[in-house]
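See structure below.
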Amino acid sequence: ADRSIPAAKQKYVPSSGTYPKGFLAGSAFAGVKASNTKYDDLALVVSEEPCPAAAIFTKNIFQAAPVKVSKSWLAKSRSEGQTFRGVVVNSGCANAVTGKVGQEHAEAMARKTDECFSDADETPKTLVMSTGVIGQRLPIDRITEAIPHLHSNLGSTHDHWLDAAKAICTTDTFPKLLSRTFTLPSHPDTTYSIAGMTKGAGMIHPNMG
Amino acid sequence: TLLGIICTDAKIDPRSMKKLLDKAARHSFNSISIDGDTSTNDTVAFFANGAAAPPGADPIALATVDERAKVFGPPRLNADTKAFATELSNFMTDLAKLVVRDGEGATKFVTIRVRSDVDYPTAKRAAVSIARSALVKTALYGKDANWGRILCAIGYAPGIMSSPELPAVDFPKVKDSDSLKQVRPDFTSVSFIPADGSEELKLLVRGEPEEVDEVRAKQILEMEDLEILVRLDDFPPPRGDLIRSHEAVMYTCDLSHEYVTINGDYRT
């Protein structure tokens, strides 16, 4: 599909941003969906140093493989004080209702990303997300082959963040990226940043916890 | 599917991150609806690396005790935690609103604000039911000030019951679980709040339809942004002044031909 941004939506796409220190973002093409031959469909957002993470997940009973995998790792991290580096995301295939193989694919995607970090060990460092059509298996070989390239594309500029925000889109008509700065009362001279990206256009009535 | 990734260089106590995220999601991502379908993949992840924090800075933590509270009262959130919780909540709300603005085929961004004298769940149930109603959403697409469909959606909302037997003067401050579900049709009002800050357009006041200026209604409905305000607590003054109002807000969009086109073509 043509992903040109409709004129009415262009005002929602930022042309610059202030991004948090020590985080990198990037995207790459894996060709998850056969009909997509030109748009990046893998995104990676990482912290340069391991850091604490949290997540909320759908309460739908049929939770997709990446939801189950990330959820179990986060649950384990709470009891063991584990830290994470970031999250790898593919668009084009939700890896949902794909059974045990789907779970293995989600783990493989995260493990391959972990291998890109110098501090790789046995504990998972990367959470995983997928979005797209339900009931199809991930083309995992194409994804794992693209992950080293995805890692080499990481950077901290606005364009890196925007590219990542675009890569997680499915039927979205525009990438959704926000960033801002703030201060805290205890250190009013210190400026902090917060940045976030989101995607979604249909099948949207979240009930996460 | 909704996905979200949020990163900050503030320093946050790992044990507090999930609670902060949960709390902020309540009024942001968990308060949007495009088509009423909850995905198998919805996930929002939150990372905090502390890279901007000065050396020795205390982490933002929900369990911390304000120094003043040690003297003046029970433990409460410290100022940093409060400030960050507000920042995160506002940030996530703005992100969530972007999703609604991109609703498949959507032409309108609609805020549904429901006030109940009973409790928050009552207000939330009514707001969700309106936001999920295909007929309300098609009316909005058709620029139709159809308050009847809004009332209909409130009336069948799960967990909401009518209590016509209660006299107006004794409408209860609730004590038990049954009365938590009460909505009185004759105390229900519906208005459109224009996005340009002009005067609200009252469609229904305490169960009675207003003479609606159709030209004004059309003007309001032609704007991209619209707020629907529902009062389930619309007591005649001064009685109404004594009742505390609980407010729930949902963000949604209209339902257009384009939604069917996109989803008729998007297959497993």
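Keep in mind it's a predicted model, so treat the numbers as computed, not measured. Each chain gets a letter, A, B and so on, in the order the sequences are listed, and its residues count up from 1.
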| request: To the nearest 0.5 angstrom, please state how far the OG1 atom of T8(B) sits from the CZ atom of R180(A). | output: 12.0 Å
Measure [X] against the heavy atoms of chain B and call it side chain, backbone, both or neither at under 4.5 Å.
{"X": "V87(A)", "answer": "both"}
{"X": "S179(A)", "answer": "backbone"}
{"X": "L178(A)", "answer": "both"}
{"X": "T190(A)", "answer": "side chain"}

| message | Regarding K9(A) and D102(B), does a basic nitrogen lie under 4.0 Å from an acidic carboxylate oxygen? | response | no
| query | Less than 4.0 Å between a side-chain N and a carboxylate O, is that true for K11(B) and E49(A)? | reply | no
Region of [X] in contact with chain A, defined by heavy-atom distances below 4.5 Å:
{"X": "R132(B)", "value": "side chain"}
{"X": "I262(B)", "value": "side chain"}
{"X": "A96(B)", "value": "neither"}
{"X": "I12(B)", "value": "backbone"}

| request: Give the intermediate values and the outcome of side-chain contact (heavy atoms from CB on, under 4.5 Å) for residues T198(A) and F29(B). | output: CA-CA 10 Å; T198(A) 185; F29(B) 289 114; 3.7 Å; yes
| query | Which of the residues G105(B), G50(B), A51(B), S39(B) is involved in the greatest number of heavy-atom pairs with chain A at under 4.5 angstrom? | reply | S39(B)
| query | Taking side chain as C-beta onward, heavy atoms only, is N41(B) less than 4.5 Å from M129(A)? | reply | no
